[in-house]
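Take a look at the following structure, please.
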2 protein chains.
Amino acid sequence: MLHGQSTTVAKPPACALEQSRFCIQVDPAPRARLIRAAHIETIPADKVLWHDDAPCRTVGLLVSGYLRFQRHNRDGRRQILNLTVPGDLFGHEDERNEGFSLESATEAVLCRFDRRVFDELLIEDGSLRRALYRYGSRNLDRLHWLTWTIGALRPEERIAAFLLNARGFLPYRDLPDGTGLISLAISRRDIADLLATSVETICRTFKSLGKDGLIRLLDPAHVLFLDPAGLAARAGLPDREHAPVMASDPAVMTFINDRPGVHR
Amino acid sequence: MLHGQSTTVAKPPACALEQSRFCIQVDPAPRARLIRAAHIETIPADKVLWHDDAPCRTVGLLVSGYLRFQRHNRDGRRQILNLTVPGDLFGHEDERNEGFSLESATEAVLCRFDRRVFDELLIEDGSLRRALYRYGSRNLDRLHWLTWTIGALRPEERIAAFLLNARGFLPYRDLPDGTGLISLAISRRDIADLLATSVETICRTFKSLGKDGLIRLLDPAHVLFLDPAGLAARAGLPDREHAPVMASDPAVMTFINDRPGVHR
DNA sequence: CGCCGCCTTGAAGAGCCTCAACTAATGTGG
DNA sequence: CCACATTAGTTGAGGCTCTTCAAGGCGGCG
């Protein structure tokens, strides 16, 4: 998985790309043109893709890994406003205000589109515009979830809600014994800055949830779901708000989960 | 302003409506058709316009007053996710999840469109779709601001930032002596649930800001800006983030401010 | 006149953040 | 191959906001 990744990975993404929820909504002709104007690229973690005064204008689809759309303050405070998950479009944001940036949260595989082709297609093709519009709506829903979570829930509840939700966009697998295994592919820091809390609180909450038998921490990056319903209760949610608001693209999702060694 | 409002108000809104930023972006023909399919309606404060299982499917433009798009928990917790301000479109949200609702935060004048006509026009007319798309982007920007504010700022900072920002969408007027007067048309409760804090904290912060000579509380609903720059510093902002993220429609805004007796 | 919101003010408590130290895992250079 | 540096994660202790609870003022409206 480490050596020779760039070559091994080259084919599957292109496949997943064509099947991705976004591309599927685009008519065959423009889709083909878009894919012809695309190229795959692997970037390391914590690379800046875009920030306020360096308008690295590029559009693309995230194939694997995670990006964070965030806002910084000079005194170090940060808030992640969107976690770009596999299957998501990125780079279409045009934030005129200061402090916003888009970075990779993990190593990531991108499928970049030629900007000119994309913009042209956007004018010509209605199906692409529709897809973009739907994607925007989905993004708005996510942000509603995030804002609600930060604003109305206490840190422990946020973290429990996040774990439940994360099953929809982080590498996750239901196990035969009824439990489920999730791989926390992003750092504590990123989770903390997404949920507007601190890394310490996350650690303590994980431990607390573990002590109460709701989850089990196999290692820092792997959590076993023992009692999802109990977790939902802990999140202060109306029972089964398991419906993943931030769900990734199903096609890409299976691709993520089918990889032998799950990230991190 | 109290008696006979329905008649007095009847004409100006229609005028402001045609000039509103949203309608201006729509081509003349569909705009005319839309306006023909519209009717003005005045509703009292705290009226439910829409909630999860009563899909009172109606689209419209807010002429005056304020609406709150919010999410409730059964145990009383609430988070306002968007404050609909004059000139804004409302009712186009389609939240499938539970707990969401749209209510009037103040007495409000609505311009409702016939749903069928609106949907038809949406299919037929590109300019309407574009206007809707732009409106959606603006809404996303707002929500980014709100989420950042809640997530990264402490209550006092949030309130200072809110005050500065509110000049763009609450009744506000620059005074000859260099100060500015704002009318807090919405309740403390709503401000608190927007900024994810408590009404008590808002009171205390107002008083604290007043004691430091940044503002003056004329009465519970009227605040005088004495030192906007100082307020921005208090908000922990990069100096002059006076740029109103949540700005209302300029045309409608002047209409609000030109009314003799400012709300509340 | 008296009720009922809304706003204000006070006091107490707790939850969470901050700071700091420690561990574990990873990588680097000698 | 080992010593060392570095980073992410974990744990502990302390302190401070901010919330919560409670009561009082003020104004509007029946």
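Both backbone and side-chain heavy atoms feed into the values below; hydrogens, waters and symmetry mates do not. Fair warning: this is a prediction, and the values are worked out from it, not measured in the lab. The sequence lines fix the lettering, A, B, ..., with proteins before strands; numbering per chain opens at 1.
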Without swapping roles, check the side chain of A:Asn73 against the backbone of A:Asp75 for a donor-acceptor pair under 3.5 Å.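 It does not hold such a pair.
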Mind jotting down which residue pairs meet the salt bridge (charged side-chain N to carboxylate O under 4.0 Å, His left out) criterion with at least one end in residues 221-231 of chain B? Sequence neighbours excluded, please.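 As it turns out, there is no salt bridge (charged side-chain N to carboxylate O under 4.0 Å, His left out) pair with a partner in residues 221-231 of chain B once direct neighbours are skipped.
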Tell me if a side-chain donor or acceptor on A:Thr147 pairs with a main-chain N or O of B:Thr147 at a distance below 3.5 Å.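 Not at all, since once roles are kept as given, no pair shorter than 3.5 Å links the two residues.
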Assign a letter to each nucleotide of nucleotides 13-30 of chain D from its 5' end: B, base within under 4.0 Å of a protein heavy atom; S, sugar-phosphate only; -, no contact. B----SBBB---------
Round to a whole Å and report the spacing from CZ of B:Arg189 to P of C:dT8.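 Distance check: B:Arg189 CZ to C:dT8 P gives 15 Å.
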Would you please name every residue forming a side chain to side chain contact (heavy atoms under 4.5 Å, CB included) with A:Ala105, sequence neighbours left out?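 Side chain to side chain contact (heavy atoms under 4.5 Å, CB included) check on A:Ala105 returns A:Tyr66, A:Arg68, A:Ile186, A:Asp190.
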State which residues pass ring pair (Phe, Tyr, Trp, His ring centres under 6.0 Å) with B:His144; sequence neighbours excluded, sorted by chain then number.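 Scan of B:His144 (ring pair (Phe, Tyr, Trp, His ring centres under 6.0 Å), adjacent residues dropped) gives A:Phe69.
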Could you tell me which residues satisfy ring pair (Phe, Tyr, Trp, His ring centres under 6.0 Å) with B:Phe162, sequence neighbours excluded, listed by chain and number?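 B:Phe162: no ring pair (Phe, Tyr, Trp, His ring centres under 6.0 Å) contacts found.
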Using a cut-off of less than 4.0 Å, is there contact between a side-chain N or O of B:Arg188 and OP1 or OP2 of C:dT8?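 For B:Arg188, the contact criterion (side-chain N or O under 4.0 Å from OP1 or OP2 of C:dT8) is met.
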To the nearest angstrom, how far is A:Asp219 atom CG from D:dA8 atom P?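 Atom-to-atom, A:Asp219 to D:dA8, this comes out as 16 Å.
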Non-neighbouring partners of A:Ala196 that pass side chain to side chain contact (heavy atoms under 4.5 Å, CB included), sequence neighbours left out: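 With neighbours one apart ignored, the set is A:Gln79, A:Ile150, A:Arg158.
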Can you list the residues that meet the side chain to side chain contact (heavy atoms under 4.5 Å, CB included) rule with B:Glu157, with sequence neighbours excluded?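 Only A:Arg77, B:Leu153, B:Arg154 meet the side chain to side chain contact (heavy atoms under 4.5 Å, CB included) criterion with B:Glu157.
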May I have the distance from A:Leu195 (atom CG) to C:dC16 (atom C1'), rounded to whole angstrom?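 So the CG-C1' distance, A:Leu195 to C:dC16, works out to 14 Å.
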Rounded interatomic separation in angstrom, taking CD1 from A:Ile202 and P from D:dT11: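 The answer, rounded to whole Å, is 14 Å.
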Five pairs per end, C1' atoms only: what is the angle between the end axes of the helix from C:dC7-D:dG24 to C:dG30-D:dC1, to 10 degrees?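 About 30°, once rounded to a multiple of 10°.
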Using a strict heavy-atom distance below 4.0 Å, which residues from residues 205-218 of chain B are in contact with DNA chain D?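 Residues of residues 205-218 of chain B that come under 4.0 Å of DNA chain D do not exist, since none gets that close.
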Non-neighbouring partners of B:Arg216 that pass salt bridge (Lys or Arg N to Asp or Glu O under 4.0 Å), sequence neighbours left out: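 For B:Arg216, no residue satisfies salt bridge (Lys or Arg N to Asp or Glu O under 4.0 Å) once neighbours in sequence are set aside.
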So, using salt bridge (Lys or Arg N to Asp or Glu O under 4.0 Å) as the criterion, who are the partners of B:Glu41 when residues are at least two apart?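 If we apply the salt bridge (Lys or Arg N to Asp or Glu O under 4.0 Å) test to B:Glu41, skipping adjacent residues, the hits are B:Arg112.
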For the pair made of NE2 in B:His222 and P in C:dT8, what is the distance, rounded to whole Å?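 Computing the B:His222:NE2 to C:dT8:P distance gives 13 Å.
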Gap between atoms CG and P, on A:Leu184 and D:dA8 respectively (whole Å):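 Answer to the nearest Å: 16 Å.
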For residues 204-212 of chain A, which side-chain N or O atoms pair as donor and acceptor with protein atoms under 3.5 Å away, sequence neighbours left out?
from	atom 1	to	atom 2	distance (Å)
A:Thr205	OG1	A:Thr201	O	2.6
A:Ser208	OG	A:Arg234	NH2	3.3
A:Asp212	OD2	A:Arg234	NH1	2.9
A:Asp212	OD2	A:Arg234	NH2	2.8

